[in-house]
Amino acid sequence: MSAGTHTGALASVEALMGLLGEWESAGWLRGVDRALVRFLHEQAPEASPLALLLVALASHQVGRGHVCLELGALLETPDATLALPPEGPPGSQPPPRPSVVLQGVSAEQVAQALDGSVLAGPGEAGTTPLVFTGGQVYLRRYWEAERRIGQAIRARLEDRDAWQDALEVDAARGWLDRLFGVPADATADPDWQRLACALAAGSGFSVITGGPGTGKTTTVLRLLALLQGLQGPEDPLRIRLAAPTGKAAARLNASVSGALDRLGLETLPDGDALRRNLPAEVVTVHRLLGARPDTRHFRHGVRNPLAVDVLVVDEASMIDLELMASLVEAVPRTARLILLGDRDQLASVEAGAVLGELCHRAAGGHYTPGTGEWLEAVTGMTVPQAMQDANGQALDQHIVMLRQSHRFGADSGIGRLAAAVNAGEASSGAGGDDAVLQSVLAGPEDPALVKLAVDGRTDTPEGEAVGYSGYLQGLRAARPAPAAPRAAWEDWARDVLAAHGRFQLLCAVRRGPWGLETLNRRIAAALQARGLLEADAGGSGGLEGHGSWFEGRPVIVTRNDYALGLINGDIGIALAVPAWLARGEPEVGTDIHEDGEPPVLRVAFLAGEDRVRWVLPNRLEAVETAFALTVHKAQGSEFEHVALVLPEADSPILTRELAYTAITRASRWFSLLEPRAGTLAAASQRQIRRSGGLRRWLRDFP
């Protein structure tokens, strides 16, 4: 059967558009996917229905975070590849699934439809909207982004010998001994932080990956101290620190400040100058590159590179393909680029899983004998034989995985639970019991793990509101007097924000009885019922109604607002403050304030470590209530206590990476609210596998 003899939805463009309309109505396809097909059909009316269907599916994959459409997987298991939702409630008539539409379609027919179409063509020197590689179909801009990353990293891999030759081995080893101490035994289990510093010092590109608490921030600060020490105190390096979101940047900023205090640099030669030359400010990647409002373009790039000698980017797993392409091109080839992140966390919301692809072999090391000998000369430590590989790839020599958690040990409850989920060792045992929780909770009593029972009724589950009572009680008890100085009000706001940040409820989905929207309403109502929230705070609206404001309401910024200086992910809390403070007037005592003037609501955000930014609620156009956050929004954050709420219905969105990310946001306590036993176990068996070809650009090189 040729590409032109299909029946059903592939018999004509009109039939195909009807099918895509049904898929969109069923929630199987986005409106933008169908709109793209309609637009390209107008531009190329001779394109076959099969080619247009592949356009829709390639666009659909991008919406799910994939970079391309893998044709082999599509034809083998169409429904599993696309992870479509269930067919709907009993008695409903679902539209034909992809497996039905593509029944009998062969790889040869797909190739014929694409090769003979003006829609698809080769990547190099092509202009078609689709790129067809033989096994994958890309929307061109994503193929271009992948190519840009691959070429930029390959260029840095080519320079490795030059970077190593430029490093003075004896001087580097001396500084490592000062920063880490002299190794007692070269053959003992190596200090991977020490090895990471050496490897990154001898390379223009490096990736340091590891789970929470493995010391990525401490490692990179020691690396920067090593590089600056080798440079000399009179010639400071141009070092920048960046993170993908405002929340991640603020967290890294706090971590850097604390780690610098613990390093004891003042005891080293020229230690005071060394510390002064190390950066303390962290910016978002968008601010670093100079984002241009309402575009995907940046001020810095290939033609206008960043003025840096060293760039460190934290939480790199959150950076999507297109942003990473812009980032790697903006760093001059003469500068070091160092990526930090946890390869096991959720990837970016947008398309791509760059860090995951770069680090997919990190656990095994795969260091060549040459790399092992060089590292031993620089560090005095031997790379374990199990981590050496005579056939190691060039990229492997630039990746280091930190393996020991200092936040919670492997035997702690959180550590064991995270490891079990991440390894996919959970399964439903007899009687539907959650085996992973059973195995973890069966160990020594550990107060870090708290399992909360949920009966599935509409009543607020016990524990939902408890975690937020602390900041609300403190908000009232510690409120300054109206005539208190401005500094007292700002100290109070910082304390309220810090107290709120100790606990966070996380959820996996946005809608449904256990989704973000419902939980935020239920928690607010529960807190109001306990007298911790008022229905009409400051005259600015009660709890009822979408977008209403009340004192104590926590909000998260969902879109960058450069005019206000707020970044996606920033957390603020609505607080009732004196009108004179809200107006920015001088403090009480200047005789310009009216007696009895009622307080007004302002939303307090942290601006750096010491300053509070007060924002009029009506100026916040892109915020959501943040009693509950999605796991995605919590990436880059850390809380003392995390409670994860899983939905009752199983879903493809419940994955190992999502559960692992939620669990590892907790530093002291983790709670699970599971309406249906076994949901966490099922999630641990489902792993995200995003399609993409970045590995192909870097494999077998040189």
Side-chain angles (χ1 to χ4, degrees), residues 1-64 66-122 126-140 142-143 652 691:
M1 181 172 63
S2 70
T5 60
H6 299 303
T7 59
L10 297 181
S12 67
V13 173
E14 291 74 16
L16 174 67
M17 295 305 297
L19 172 71
L20 298 184
E22 292 184 62
W23 283 4
E24 182 183 351
S25 298
W28 294 6
L29 202 70
R30 300 177 302 167
V32 69
D33 305 327
R34 185 173 175 232
L36 178 61
V37 173
R38 185 184 300 110
F39 171 77
L40 292 180
H41 173 58
E42 293 172 354
Q43 303 302 307
E46 70 276 22
S48 70
L50 179 55
L52 291 171
L53 174 62
L54 294 171
V55 170
L57 298 181
S59 179
H60 171 80
Q61 289 293 77
V62 168
R64 295 182 52 238
H66 297 285
V67 176
C68 62
L69 176 67
E70 295 282 355
L71 294 177
L74 171 68
L75 294 178
E76 183 178 355
T77 53
D79 299 339
T81 299
L82 297 178
L84 295 177
E87 295 188 3
S92 64
Q93 183 62 39
R97 297 171 74 82
S99 55
V100 175
V101 177
L102 291 169
Q103 187 173 7
V105 175
S106 67
E108 291 76 14
Q109 290 170 325
V110 169
Q112 179 184 347
L114 292 172
D115 286 336
S117 170
V118 297
L119 298 179
T127 58
T128 54
L130 298 183
V131 172
F132 176 41
T133 67
Q136 298 82 28
V137 178
Y138 287 81
L139 300 185
R140 178 165 291 278
Y142 293 98
W143 183 89
S691 63

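- Contact record, L53 with W23: CD1-CZ3, 4.1 Å, taken as the closest heavy-atom pair.
- Relative to the six-membered ring of W28, R97 meets both conditions, a distance below 6.0 Å and an angle of at most 45° to the axis.
- The two residues Q136 and Y138 make their nearest non-hydrogen contact at CB-CE1, 3.8 Å.
- Remark: L54 CG to S48 OG distance equals 8.0 Å, nearest 0.5 Å.
- Not a single donor-acceptor pair under 3.5 Å links the side chain of W143 to the backbone N or O of T133.
- Separation of atoms CD (Q61) and CD (E70) is listed at 9.0 Å; rounding is to 0.5 Å.
- Atom-to-atom distance recorded for L74:CG and D79:CG is 9.5 Å, nearest 0.5 angstrom.
- G121 and T128 get closest at one heavy-atom pair: N-OG1, 3.1 Å.
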Verdict with reasoning, V55 to V137, per side-chain contact (heavy atoms from CB on, under 4.5 Å): CA-CA 8 Å; V55 170; V137 178; over 6 Å; no
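- In this structure the side chain of M17 reaches within 4.5 angstrom of the side chain of V13, judged on heavy atoms.
- G134 and L71 make their closest contact through O-CD1, 4.4 Å (heavy atoms, listed as atom of the first residue, atom of the second, distance).
- Annotation for P96 and E22: closest pair CD-OE1, 4.2 Å, computed over non-hydrogen atoms.
- What you find for L119 and A51 is that their closest heavy atoms are CD1-CB, 4.5 Å.
- The distance from the CG atom of L29 to the CG atom of L57 is 7.5 Å, given to the nearest 0.5 Å.
- When side chains are defined from C-beta on, L139 does not count as touching P129, because their heavy atoms never get closer than 4.5 Å.
- Rounded to the nearest 0.5 angstrom, L19 CG and L10 CG are separated by 8.0 Å.
- Distance alone, capped at 3.5 Å, places no donor-acceptor pair between the D33 side chain and the A56 backbone.
- A donor-acceptor pair under 3.5 Å is formed between the side chain of R30 and the backbone N or O of S59.
- Here CG of L130 is found 7.5 Å from CG of L36. Values are rounded to the nearest 0.5 Å.
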